[in-house]
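Take a look at the structure below.
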There are 2 protein chains.
Amino acid sequence: MKKGNLDLIKKMNRALVLETIRRDQPISRASISKKLGLSRSTVTLVVNELLEKKFVFELGLGDSTVGGGRKGMKLGFNPKSGYGVGVDIGRSNIIIIITDMDSDIVFKEIYPSTKDVERIADYISTSMSKSGVDTKRIFGIGIGVPGLVNTRSGEIIELSALGWKNFNLLEQMQPYFKCPIFINNDVNCAALGERSIDKTDNMIFLAIGSGIGSAIIANGELVEGHHFSAGEINLFVDREDTKHGRVNNSKSIGVFEQQVSGLAFEKLGYSAEFVLSNYKKGQKEIDQIIDQFVTYLSITLANMTSFLNPKKIVIGGGVSKSLNIVIEDIKHKVASLTSIPVEIELACLGSDAGALGAIAYAFDKIQTEDFM
Amino acid sequence: MKKGNLDLIKKMNRALVLETIRRDQPISRASISKKLGLSRSTVTLVVNELLEKKFVFELGLGDSTVGGGRKGMKLGFNPKSGYGVGVDIGRSNIIIIITDMDSDIVFKEIYPSTKDVERIADYISTSMSKSGVDTKRIFGIGIGVPGLVNTRSGEIIELSALGWKNFNLLEQMQPYFKCPIFINNDVNCAALGERSIDKTDNMIFLAIGSGIGSAIIANGELVEGHHFSAGEINLFVDREDTKHGRVNNSKSIGVFEQQVSGLAFEKLGYSAEFVLSNYKKGQKEIDQIIDQFVTYLSITLANMTSFLNPKKIVIGGGVSKSLNIVIEDIKHKVASLTSIPVEIELACLGSDAGALGAIAYAFDKIQTEDFM
DNA sequence: TTTGTTTGTTCGAAGTATAAACAAACTATT
DNA sequence: AATAGTTTGTTTATACTTCGAACAAACAAA
């Protein structure tokens, strides 16, 4: 627990008022006071401070109420008061996105991937200056990587694609920047990106690309597990697998991943897009491949639902674009396999999910750690 | 987020100091000050208040340090400063336990089960007065029930054993008592009871009795899911199940539960204890039954581990007592099925787990909600 | 024009933590 | 034995917070 002092309560109330204005704008000082239970005098003080720092604006007088009384001055949130930088370090590309507080993209650039930290830092600096955003207004940098991350220390535990192992990216990167940096797994980031749309407190995000991974949000928080390895559904097995002697060696590709992912199609000589776009067009072999895929995926989604009771499951990743044809199938199958209701959706954000999610992650962290 | 005012910071620091004394006793005021970053004057003020309310005691002067200096007055936590009441409402019995702040049981009584709230309240009141504990010192009552609970409203959504459905137990029960009441599912309570031993932030608790259920603790918090249904592993299915047309209807017993639980043995005409105590004693049929049980359970534990990366999985419930013979088997199988390490243990707390866990739940809630 | 209501500001009060000053208690050195 | 240096716990003055009351301004309805 945090230590309590006068500074803390000031920060708390400032964050609270700002959040209220952001969510319920336009809103008057008096309404904020009623809503939060803070006195009008306190709200006045806090709002004036926020006005001076340009976090909020006065929008003009509000409507008159029945029964008379002075009109309230409506306050609005300034989305340009802060910016976040999202960096998605992928196997081939590095995507850098800068958004304002409304998550509107103000800058985006794609660079070739590299494991050279100085160069990555240079990419980020370049993007920041190219965007024209005032550096002081950037609240943080979020970085998503396709590997295992110790989010507390900022250490990359394992990232085979770039050859990083037990490498503290945070310590290497932080000296280049004044604002705080936050690093997480790319799937976790993507999940937070999807979540930022509707703020669901309980959801599961599936990323189906050449491999398969997942991220879990429970009680409004990312579930990272004891050693940051939560979500490794590529390792799932079932009785049929064990019957055929399929197990997870540390070297081999996960048992589930071999059957449900883009890789599974490629092993059979097809691309995911090809197979899925030719579903139910007379080719028995293809239909069978898809049926197996849908069945095993649906069973897994049903079990996830029974286990965690998420409000919804979002399916993203490269393959998800082609999944429209079978999504209704999947929904029906899941509903037949568990009595617990769940919404199943395809992801909204496309290839930007990682970078946008990294920003969402950075913002989440700052809000909970520091208030502002 | 909570509103910040002067009262809040007082509460926070008071809770912080008390927690520190409790965990690091014996400890002096100066050490607390250093540890928490609070000034010595603040610590003095807070400690004197805690002394007056008998939450802590002065234990005497500490050892002298090298280099001189006044000896510090060592402070110790008073476990008798607070008591919790745990109520485990089962199908046949109601177990009521009262513990002090060290989780030492000071009173225990078992009553026949009933759905009559007034009678249950009377059981609790009777236990409280019989125990001789000062009512003012009781910080809360925790109640565990074998059914679905809305822990926010206190409503029992479904409890078939007692015929409760959409029944607000909290509203009915609260008028009988001055201290706050908290209600949760019995498996969730048992999980918290097991957790209170070593304070693991990421664990899964399995209750294998006549049925099977689970509770999940992630990021130090109970995962309840979107509609308080998390942990319903009785509904798990796999490809072999679907191949044989086994699905989860709302009426029938869960597919997984039919194969891995006490019920599964009973269906074959055996008791769980009998089967497990006769394992590998020459009876082929029994060996086969157990092997299937162990295999499916291990696969499930491995998948849970891959999915949530818990520090440990604790297996409790009525059947767990007989599981000693196969626990090593299970550990080996799980390790071969997932590359993510996990500790697997049998539960320590026996039939008291529910009631003790209910106290742990109540204490958890009070600490996070109210600080004190 | 008057009355009652609502909004936002100002000011004193109450309460918090903190640093600095201080007294007490102790060790080590001379 | 005396002294210096160190640590502990308390006291005091200060700075800061929120809050309630009082107030003026702005408005609707009678």
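Just so you know, these numbers use all the heavy atoms, side chains as well, and skip hydrogens, waters and symmetry mates. Protein chains get the first letters and strands the later ones, always in sequence-line order, with residue 1 at the start of each.
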Counting only side-chain N and O atoms of [X], is one of them less than 4.0 Å from OP1 or OP2 of [N]?
X: A:Arg29; N: C:dT9; result: yes
X: B:Asn5; N: C:dG15; result: no
X: B:Lys10; N: C:dT16; result: yes

Which residues satisfy the side-chain contact (heavy atoms from CB on, under 4.5 Å) test with B:Ser131, sequence neighbours excluded?
B:Ile98, B:Phe107, B:Val133
Strand partner of D:dA30, provided both Watson-Crick or wobble distances fall under 3.5 Å
C:dT1
Can you tell me how far [atom2] of [N] sits from [atom1] of [X], to the nearest Å?
X: B:Leu16; N: C:dT16; atom1: CG; atom2: C1'; result: 15 Å
X: A:Glu49; N: C:dT9; atom1: CD; atom2: P; result: 14 Å
X: B:Met12; N: D:dT17; atom1: CE; atom2: C1'; result: 15 Å
X: B:Lys11; N: D:dT18; atom1: NZ; atom2: P; result: 17 Å
X: A:Lys74; N: C:dG8; atom1: NZ; atom2: C1'; result: 14 Å
X: A:Lys71; N: C:dG8; atom1: NZ; atom2: C1'; result: 16 Å
X: B:Leu8; N: D:dT17; atom1: CG; atom2: P; result: 16 Å
X: A:Leu61; N: C:dT6; atom1: CG; atom2: P; result: 17 Å

Any side-chain heavy-atom pair of A:Met12 and B:Leu8 under 4.5 Å:
yes
Using the salt bridge (Lys or Arg N to Asp or Glu O under 4.0 Å) criterion, which residues pair with A:Arg23? Sequence neighbours excluded.
A:Glu19
Is there, by distance only and without an angle test, a donor paired with an acceptor across the side chain of B:Arg70 and the base of D:dT7 below 3.5 Å?
no
Considering only residues two or more places apart or on different chains, which pairs with a residue in residues 29-51 of chain A satisfy salt bridge (Lys or Arg N to Asp or Glu O under 4.0 Å)?
A:Lys10-A:Glu49, A:Arg14-A:Glu49, A:Asp24-A:Lys35, A:Arg29-A:Glu58, A:Glu49-A:Lys53
Please enumerate all residues that pass side chain to side chain donor-acceptor pair (under 3.5 Å) together with A:Gln174, with sequence neighbours excluded.
none
Checking B:Thr42 now: which residues fulfil side chain to side chain donor-acceptor pair (under 3.5 Å) with it, not counting sequence neighbours?
B:Ser39
Under a 4.0 Å heavy-atom cutoff, the residues of residues 31-47 of chain A touching DNA chain C are A:Lys34, A:Arg40, A:Ser41, A:Thr44
B:Arg137 to B:Tyr83 six-membered ring, cation-pi geometry met (6.0 Å, 45°):
no
What's B:Asn13 touching, base or sugar-phosphate or nothing? Going by heavy atoms closer than 4.0 Å.
sugar-phosphate
